[in-house]
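Take a look at the structure set out below.
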Amino acid sequence: QKEVEQDPGPLSVPEGAIVSLNCTYSNSAFQYFMWYRQYSRKGPELLMYTYSSGNKEDGRFTAQVDKSSKYISLFIRDSQPSDSATYLCAMSAAIGRFGAGTRLTVKP
Amino acid sequence: DAGVTQSPTHLIKTRGQQVTLRCSPKSGHDTVSWYQQALGQGPQFIFQYYEEEERQRGNFPDRFSGHQFPNYSSELNVNALLLGDSALYLCASSLGVKPSIFGQGTRLTVV
């Protein structure tokens with residue numbers, strides 16, 4: 001079993017839709033839970049992170065962590081074509097462990 | 001603030017050769033991690049440096065080695081290159097155990 005599992009998609013939604021991206025993990029020692037956005041052939045960009053459980057909101061983005069279920073989510077409201085990218089979940093207990101990434105396309 | 005900078009951006013090497021990749025961390029960061037990202041995959045952890053010491057290492061062979069300098073910059077060296085080493089090599093920096101910021105990567109092609 002991989003430490004971090006993420007559905008690779010691809011996921012295609014119309015502009016304005018709510019997008020839900022999810023990951024599961026197996027290591028209870030993870031303390032930081034991150035979401036990165038990666039455009040083609042570029043380095044990952046840190047979107048937001050949460051320490052321990054709970055929700056965090058930043059504009060159109062909301063991150064949720066449920067440590068009891070070992071499940072994290074990223075919601076994107078009012079999705080835009082510029083949100084089209086690969087979204088990587090990651091967890092860390094000093095070392096970042098990444099999911100495979102979900103490729104998202106938002107169609108105008 | 002320039003963030004994390006990596007050089008070179010692209011590199012083509014022949015099987016059996018050796019390569020050195022370089023990274024300058026974000027100002028104020030003291031920890032540097034290196035990752036390998038194959039096409040369509042998530043980044044895989046190679047190793048992490050803190051205070052010029054390798055703190056942790058992922059499941060990579062000894063052909064992969066690194067160094068951190070007193071100014072926190074870092075190098076990744078790969079010896080005896082294989083075709084399978086072709087990937088995007090990412091450097092990430094952080095302050096302690098906080099989430100990392102990535103550079104734009106070095107795309108290595110081994111022919």
Side-chain angles (χ1 to χ4, degrees), chain A residues 1-11 21-27 29-52 56 58 61 63 65 72 74 85-105, chain B residues 1-7 9-11 21 23-26 29-51 53-60 86-109:
Chain A
Q1 182 188 8
K2 291 183 180 179
E3 272 191 298
V4 180
E5 298 275 5
Q6 182 176 12
D7 186 341
L11 183 62
L21 304 169
N22 311 292
C23 290
T24 58
Y25 63 95
S26 58
N27 188 345
F30 289 138
Q31 297 175 309
Y32 285 96
F33 301 88
M34 298 85 79
W35 286 95
Y36 289 84
R37 178 173 61 195
Q38 187 173 27
Y39 294 111
S40 182
R41 308 178 81 82
K42 301 290 187 183
E45 170 196 2
L46 181 62
L47 268 179
M48 52 197 308
Y49 69 90
T50 309
Y51 180 76
S52 193
K56 186 173 184 178
D58 183 2
F61 298 86
V65 175
I72 73 169
L74 178 71
T86 295
Y87 289 80
L88 295 157
C89 65
M91 293 90 180
S92 174
I95 305 299
R97 303 295 185 187
F98 284 77
T102 299
R103 188 168 181 177
L104 171 67
T105 301
Chain B
D1 184 359
V4 179
T5 58
Q6 292 185 242
S7 64
T9 54
H10 297 85
L11 204 51
L21 310 182
C23 172
S24 292
K26 179 181 169 68
H29 285 184
D30 57 7
T31 302
V32 173
S33 301
W34 287 91
Y35 291 81
Q36 180 194 66
Q37 187 177 25
L39 201 61
Q41 302 294 318
Q44 298 296 311
F45 173 72
I46 302 175
F47 40 55
Q48 183 181 81
Y49 279 86
Y50 173 73
E51 291 189 341
E53 301 259 337
E54 182 182 289
R55 183 156 67 177
Q56 289 209 39
R57 188 179 183 91
N59 189 25
F60 278 81
S86 296
L88 181 67
Y89 287 85
L90 295 162
C91 174
S93 73
S94 65
L95 181 61
V97 298
K98 288 196 168 182
S100 294
I101 305 297
F102 281 84
Q104 290 303 292
T106 294
R107 185 161 298 279
L108 172 65
T109 302

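These values consider heavy atoms only, across backbone and side chains, with no hydrogens, waters or symmetry-generated copies.
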- [ ] Could you check which of B:Gly40, B:Gly105, B:Pro43 has the highest count of heavy-atom pairs closer than 4.5 Å to chain A?
- [x]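 Heavy-atom pair counts peak at B:Pro43.
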TODO: Select, from A:Gly96, A:Ser92, A:Ala90, the one with the greatest count of heavy-atom pairs under 4.5 Å involving chain B.
DONE: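 Top count of heavy-atom pairs under 4.5 Å with chain B: A:Gly96.
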Task: Contact leader toward chain B among A:Pro8, A:Pro44, A:Gly101, where contacts are heavy-atom pairs under 4.5 Å - done: A:Pro44
Which atoms of [X] are under 4.5 Å from chain B, going by heavy atoms: the side chain, the backbone, both sets, or neither?
| X | answer |
| --- | --- |
| A:Gln31 | neither |
| A:Phe33 | neither |
| A:Arg41 | both |

What part of [X] lies closer than 4.5 angstrom to a heavy atom of chain A: side chain, backbone, both or neither?
| X | answer |
| --- | --- |
| B:Gln56 | side chain |
| B:Tyr35 | side chain |
| B:Gln6 | neither |

TODO: May I ask you to test the B:Ser100-A:Tyr32 pair for a side-chain heavy-atom distance under 4.5 Å?
DONE: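 Sidechains of A:Tyr32 and B:Ser100: no contact.
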TODO: Drop me the distance from A:Leu88's CG to B:Gln37's CD, to the nearest 0.5 angstrom.
DONE: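 It is 6.5 Å, given to the nearest 0.5 Å.
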- [ ] Measure the spacing between CD of B:Gln41 and CZ of A:Phe98 and express it to the nearest 0.5 Å.
- [x]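 One finds 13.5 Å between CD of B:Gln41 and CZ of A:Phe98.
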Open item on the list: Can you confirm whether A:Arg103 is buried at CZ, in the sense that more than 12 heavy atoms of other residues, nucleotides or ligands lie under 6.0 Å from that atom?
Closed with: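 No, because the 6.0 Å sphere around CZ of A:Arg103 holds 12 heavy atoms or fewer from other groups.
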Open item on the list: Is it the case that over 12 heavy atoms from other parts of the model lie below 6.0 angstrom from the NZ atom of A:Lys42?
Closed with: no
- [ ] Search all heavy atoms of B:Gln48 against all heavy atoms of A:Ala94 and return the closest pair with its distance.
- [x] NE2-O, 3.1 Å
TODO: For B:Leu90 and A:Gly43, work out which heavy atoms get closest and say how close.
DONE: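 Taking every non-hydrogen atom into account, CD2-CA, 3.9 Å.
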